[in-house]
Amino acid sequence: MPLSVPTSGRVHLLNDVSPRPGGRYVLYWAQVNRRIDSNHALAFAAHFANRLRLPVLFYEGLTCSHPHANDRFHSFILEGVPDNVKRAAVLGIGYVFYLRRKQTDPDDIVYRLAADAAAVVTDDYPGYLTRERNLRIPPALGIPCYAVDASCIVPMGHFTKQEYAAYTIRPKIHRVLREHLRPVPPLRLKTRWTEPAPAFHTRVTPDRIPDLLASSEIDHSVAPSVEFRGGRDEAKRRLRYFLTHNLKRYARLSREPSARATSQLSPYLHFGHISSLEVALAVRDYAAKHKLIAAEFLELLIVRRELAFNFARFGPSPDSLGALPAWAQATLQKHARDRRKPAYSRRQLEQAETYDPLWNATQRELLRDGLIQGYYRMYWGKKIIEWCASPQEALEIMIGLHDRYALDGRDPNTYANILWCFGLHDRPWAERHVFGAVRYMSLQGMQRKTDVDAYVRQMNKA
DNA sequence: ATCGGCTCGCGCAA
DNA sequence: TGCGCGAAGCCGAT
């Protein structure tokens with residue numbers, strides 16, 4: 001069946017079968033983009049459903065068997081559910097959430113929901129788990145299954161290879177940005193969802209979240225973030241606050257962590273509670289209206305972020321030094337046996353027990369809030385390289401700490417940021433101990449350029 | 001306070 | 001084939 005819907009390189013058919021006759025809905029399986037609005041994937045599902053005169057069912061799940069499942073990640077996702085329930089009801093979209101509380105619970109929800117569906121739409125996302133599921137599950141469903149890139153502004157599919165650095169992808173993005181920097185059209189469902197939610201739907205209200213966490217077989221030793229509550233309403237509130245308070249001083253203070261001038265939206269982008277597209281549009285429009293320059297912020301949000309997605313899609317697995325450019329691999333290898341002084345263990349680093357008060361403060365921010373201020377995260381990573389027995393161990397520790405504590409852990413953006421510390425998307429500099437030609441960063445430099453004392457005080461106070 | 005050198009390789013101009 | 005230049009720098013010379 002030909003589809004007259006705009007796809008513009010965002011949509012890929014994952015299998016080759018016809019819609020099931022008698023299917024009762026089109027299923028959107030939200031693996032990544034846990035939101036109703038500004039979601040190209042759900043918009044595609046709605047177009048498809050309208051053509052078939054069917055309603056849409058939105059499904060998101062949460063499992064205990066997910067690596068590093070803990071109270072921090074679970075609470076953030078659970079906090080987002082009530083917003084989606086409300087919004088789905090307003091638009092006439094079916095909504096089902098399923099929390100697997102035991103590691104032994106069945107993993108068959110998407111199969112059960114697909115059994116009554118005419119077609120399935122899900123996220124095209126360059127993370128290992130999503131890629132693996134999108135290869136494994138669609139062939140077993142027997143109905144058309146589409147993967148839609150709802151994460152990037154310029155679709156990842158626009159590019160044909162791994163880009164070398166920001167300067168190679170930047171002109172390619174700007175050449176087509178205008179046509180992609182447009183709002184996702186509002187959802188209009190011709191057929192509303194009228195059935196009750198399936199019996200396995202997990203009801204989530206704020207007062208039930210503590211019980212849902214306690215009854216889940218997850219790691220309870222990582223507490224919810226002190227700073228970040230999950231959910232779309234909270235994401236939009238933070239975006240609003242960024243526009244009114246920080247956009248105008250972003251260019252001046254984005255590299256002054258103690259000023260807290262950044263958007264701090266990465267947890268919400270990571271869990272899909274907000275889209276980079278709507279953030280970009282809001283920032284662009286607010287800047288135009290108030291005569292502000294937003295170029296620095298948009299460079300990060302669009303060019304740097306989408307370079308990271310390009311790396312995740314086309315590059316080798318980001319958990320190995322093999323993902324680095326040849327010059328970086330060679331120079332780190334050459335210095336792999338350089339003496340480290342001091343040398344810290346993973347445990348010492350995790351507990352923020354180094355001699356360096358700035359580094360300890362950044363690590364405490366990660367432990368407590370689940371996010372490190374962007375500029376200091378680079379310093380955090382550089383020091384781990386300096387203090388670890390080998391670059392491979394440093395990489396494992398950095399990824400491990402993010403996997404366990406960071407609300408933007410496992411995001412393409414985060415992997416790219418971590419690997420940047422090892423030379424990815426960067427260039428060589430003067431040869432030195434341990435780092436070779438990889439860019440070095442020093443406490444002295446941080447003290448010269450930022451208010452280290454103010455930041456350390458902030459972290460100690462809390 | 002400011003400046004140049006460090007060092008590689010991509011992409012484009014020629 | 002040559003040339004310019006690049007995510008957040010460092011360091012020593014002036």
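All values below were derived from every heavy atom in this structure, side-chain atoms included, with hydrogens, water molecules and symmetry-related copies excluded. Letters go in sequence order (proteins before strands), and every chain restarts at 1.
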J.: Return the minimal non-hydrogen interatomic distance between Y125(A) and P412(A), and the atom names on each side.
T.: OH-CD, 2.9 Å
J.: I want to verify a distance call: between dT7(B), dC10(C), dA8(C), whose nearest atom is closest to the P428(A) side chain?
T.: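 It is dT7(B).
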J.: Looking just at side-chain N and O atoms, do N417(A) and R304(A) make a donor-acceptor pair shorter than 3.5 Å?
T.: no
J.: List for me each residue that meets side chain to side chain contact (heavy atoms under 4.5 Å, CB included) alongside A30(A), sequence neighbours excluded, and say none if there are none.
T.: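 Expected list: Y28(A), F58(A), E60(A).
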J.: In dot-bracket form, how is DNA chain B paired, counting a Watson-Crick or G-U wobble pair only if both its distances are under 3.5 Å and using | for bases paired to another strand?
T.: ||||||.||||||.
J.: Over all strands shown, is Y375(A) touching base, sugar-phosphate only, or nothing at heavy-atom distances under 4.0 angstrom?
T.: base
J.: Can W387(A) and Y355(A) be said to form a ring-ring contact (aromatic ring centres under 6.0 Å, His included), step by step?
T.: CA-CA 11 Å; W387(A) 297 330; Y355(A) 73 89; 5.7 Å; yes
J.: Output the rounded distance in Å from CZ (R304(A)) to P (dA8(C)).
T.: 8 Å
J.: Testing the 3.5 Å rule here: is there a donor-acceptor pair between the side chains of E431(A) and H335(A)?
T.: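 Checked: E431(A)/H335(A) side chains pair up, N/O donor to acceptor below 3.5 Å.
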J.: Base, sugar-phosphate alone, or nothing: which one does K161(A) contact when heavy atoms must sit under 4.0 Å apart?
T.: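 Since only primed, P, OP1 and OP2 atoms lie under 4.0 Å of K161(A), the category is sugar-phosphate.
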J.: Whole-Å distance between dA8(C) P and E296(A) CD?
T.: 14 Å
J.: Using a 4.0 Å heavy-atom cut-off across all strands, classify M378(A) as base, sugar-phosphate, or nothing.
T.: base
J.: Check whether any side-chain nitrogen or oxygen of R448(A) sits under 4.0 Å from OP1 or OP2 of dC10(C), and answer yes or no.
T.: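 True: R448(A) side-chain N/O within range (under 4.0 Å) of dC10(C) OP1/OP2.
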J.: Using a 4.0 Å heavy-atom cut-off across all strands, classify E299(A) as base, sugar-phosphate, or nothing.
T.: nothing
J.: What's A437(A) touching, base or sugar-phosphate or nothing? Going by heavy atoms closer than 4.0 Å.
T.: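 The answer is nothing, as A437(A) stays clear of every strand by at least 4.0 Å.
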J.: Base, sugar-phosphate, or nothing for R170(A), non-hydrogen atoms under 4.0 angstrom?
T.: sugar-phosphate
J.: Quick one: which of dC10(C), dA7(C), dG11(B) gets closest to the side chain of Y440(A)?
T.: dC10(C)
J.: What heavy-atom pair brings H174(A) and V303(A) nearest, and what distance separates the two atoms?
T.: NE2-CG2, 3.9 Å
J.: Salt bridge check, R238(A) against E227(A): does any charged N sit closer than 4.0 Å to a carboxylate O?
T.: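 The answer is yes: the pair qualifies as a salt bridge.
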J.: Indicate, with a heavy-atom threshold strictly under 4.0 Å, whether W429(A) touches base, sugar-phosphate, or nothing.
T.: base
J.: Nearest to the side chain of A166(A), heavy atoms from C-beta on, is which of dA7(C), dG11(B), dG9(B)?
T.: dA7(C)
J.: Does one side chain, of E350(A) or Y405(A), offer a donor that lies under 3.5 Å from an acceptor on the other?
T.: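 A donor-acceptor contact under 3.5 Å links the two side chains.
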J.: Counting only side-chain nitrogens and oxygens, does S442(A) get under 4.0 Å of the OP1 or OP2 atom of dC10(C)?
T.: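 Checking dC10(C) against S442(A), a side-chain N or O does come within under 4.0 Å of OP1 or OP2.
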J.: For a ring-ring contact (aromatic ring centres under 6.0 Å, His included) check, start with the C-alpha distance between F159(A) and F314(A), then their side-chain angles and the critical distance, and finish with the verdict.
T.: CA-CA 9 Å; F159(A) 305 96; F314(A) 293 104; 7.9 Å; no
J.: Touch check for Y164(A), heavy atoms < 4.0 angstrom, all strands: base, sugar-phosphate only, or nothing?
T.: sugar-phosphate
J.: Would you say the side-chain atoms of T354(A) and D356(A) include a donor-acceptor pair closer than 3.5 Å?
T.: no
J.: Of the candidate nucleotides dC10(B), dC8(B), dA8(C), which contains the atom at the shortest distance from the side chain of R255(A)?
T.: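 When the side chain of R255(A) is considered, dA8(C) is the closest of dC10(B), dC8(B), dA8(C).
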J.: Is there any protein nitrogen or oxygen under 3.5 Å from a nitrogen or oxygen in nucleotides 12-14 of chain B, and what are the pairs?
T.:
none

